[in-house]
Amino acid sequence: MNARTLANQYRQTGVSSAALEASPHRLIALMLAGARERARLAAACLQRGDLPRKSQAISDASAIIGGLNGALNMEAGGEIADGLQALYDYAQRRLLTANVDNDPAPLHEVDDLLGDIESAWLAIAPPEAA
């Protein structure tokens with residue numbers, strides 16, 4: 001095994017541990033951060049010309065955003081949940097555009113959009129999740 005493989009395994013263990021110990025609020029924060037990280041990774045891969053890794057990073061970001069969308073409580077969330085669902089759907093479309101066109105601009109847009117959601121989410125952290 002090379003150093004990169006070992007580092008990735010260590011990182012995955014850390015991410016898995018954080019997710020298992022996280023409150024529901026923290027878990028959403030981790031998912032938002034993870035989707036943003038994948039969008040930035042995809043943009044970096046495009047810059048390097050690493051198209052297979054770009055596609056994987058976009059697929060991972062899309063899966064995370066799908067999970068965020070699936071976690072919405074549409075009954076209790078009202079207009080906020082409706083708005084988030086629309087934003088997540090838009091982000092998914094932008095990821096598709098970035099993947100098909102090999103264009104980093106939609107990836108930066110998704111990162112910024114999720115960054116705004118992440119900031120708002122962190123601002124409403126319950127005391128035990130802070």
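Residues: numbered from 1 along the sequence shown. Quick note: numbers below take in every heavy atom, side chains included, and nothing from hydrogens, waters or symmetry partners.
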Minimum heavy-atom separation for [X] and [Y], please, with both atom names.
| X | Y | result |
| --- | --- | --- |
| P106 | R94 | CB-O, 3.3 Å |
| M31 | G67 | CE-C, 3.6 Å |
| A43 | H108 | CB-CE1, 3.9 Å |

Polar side-chain atom of [X] near backbone of [Y] as donor-acceptor pair, under 3.5 Å:
| X | Y | value |
| --- | --- | --- |
| W121 | H25 | yes |
| R38 | G34 | yes |
| K54 | N99 | yes |
| S119 | G115 | yes |
| S62 | I58 | no |

Applying a strict under-4.5 Å side-chain criterion to I, L, V, M, F, W and Y, I'd like to know whether [X] and [Y] cluster together.
| X | Y | value |
| --- | --- | --- |
| L113 | I28 | yes |
| L95 | L51 | yes |
| L41 | L30 | no |
| L114 | L87 | yes |

T97/V100 under side chain to side chain contact (heavy atoms under 4.5 Å, CB included): CA gap, chis, key distance, verdict:
CA-CA 5 Å; T97 298; V100 169; over 6 Å; no
Does any non-hydrogen side-chain atom of L84 lie less than 4.5 Å from one of L68?
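No, their side chains stay 4.5 Å or more apart.
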Contact check, side chains of V110 and I65, non-hydrogen atoms, under 4.5 Å
yes
How long is the gap from CG on N102 to SG on C45, to the nearest 0.5 Å?
11.5 Å
Hey, could you give me the CG/CD distance between L107 and Q47, rounded to the nearest 0.5 Å?
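Atom-to-atom, L107:CG and Q47:CD are 12.0 Å apart.
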Quick one: do D103 and L46 satisfy side chain to side chain contact (heavy atoms under 4.5 Å, CB included)? Show the steps, please.
CA-CA 8 Å; D103 181 4; L46 264 177; 5.7 Å; no
Verify the distance criterion only: is there a donor paired with an acceptor across the side chains of Y90 and Q85 at less than 3.5 Å?
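No, Q85 and Y90 have no side-chain donor paired with an acceptor closer than 3.5 Å.
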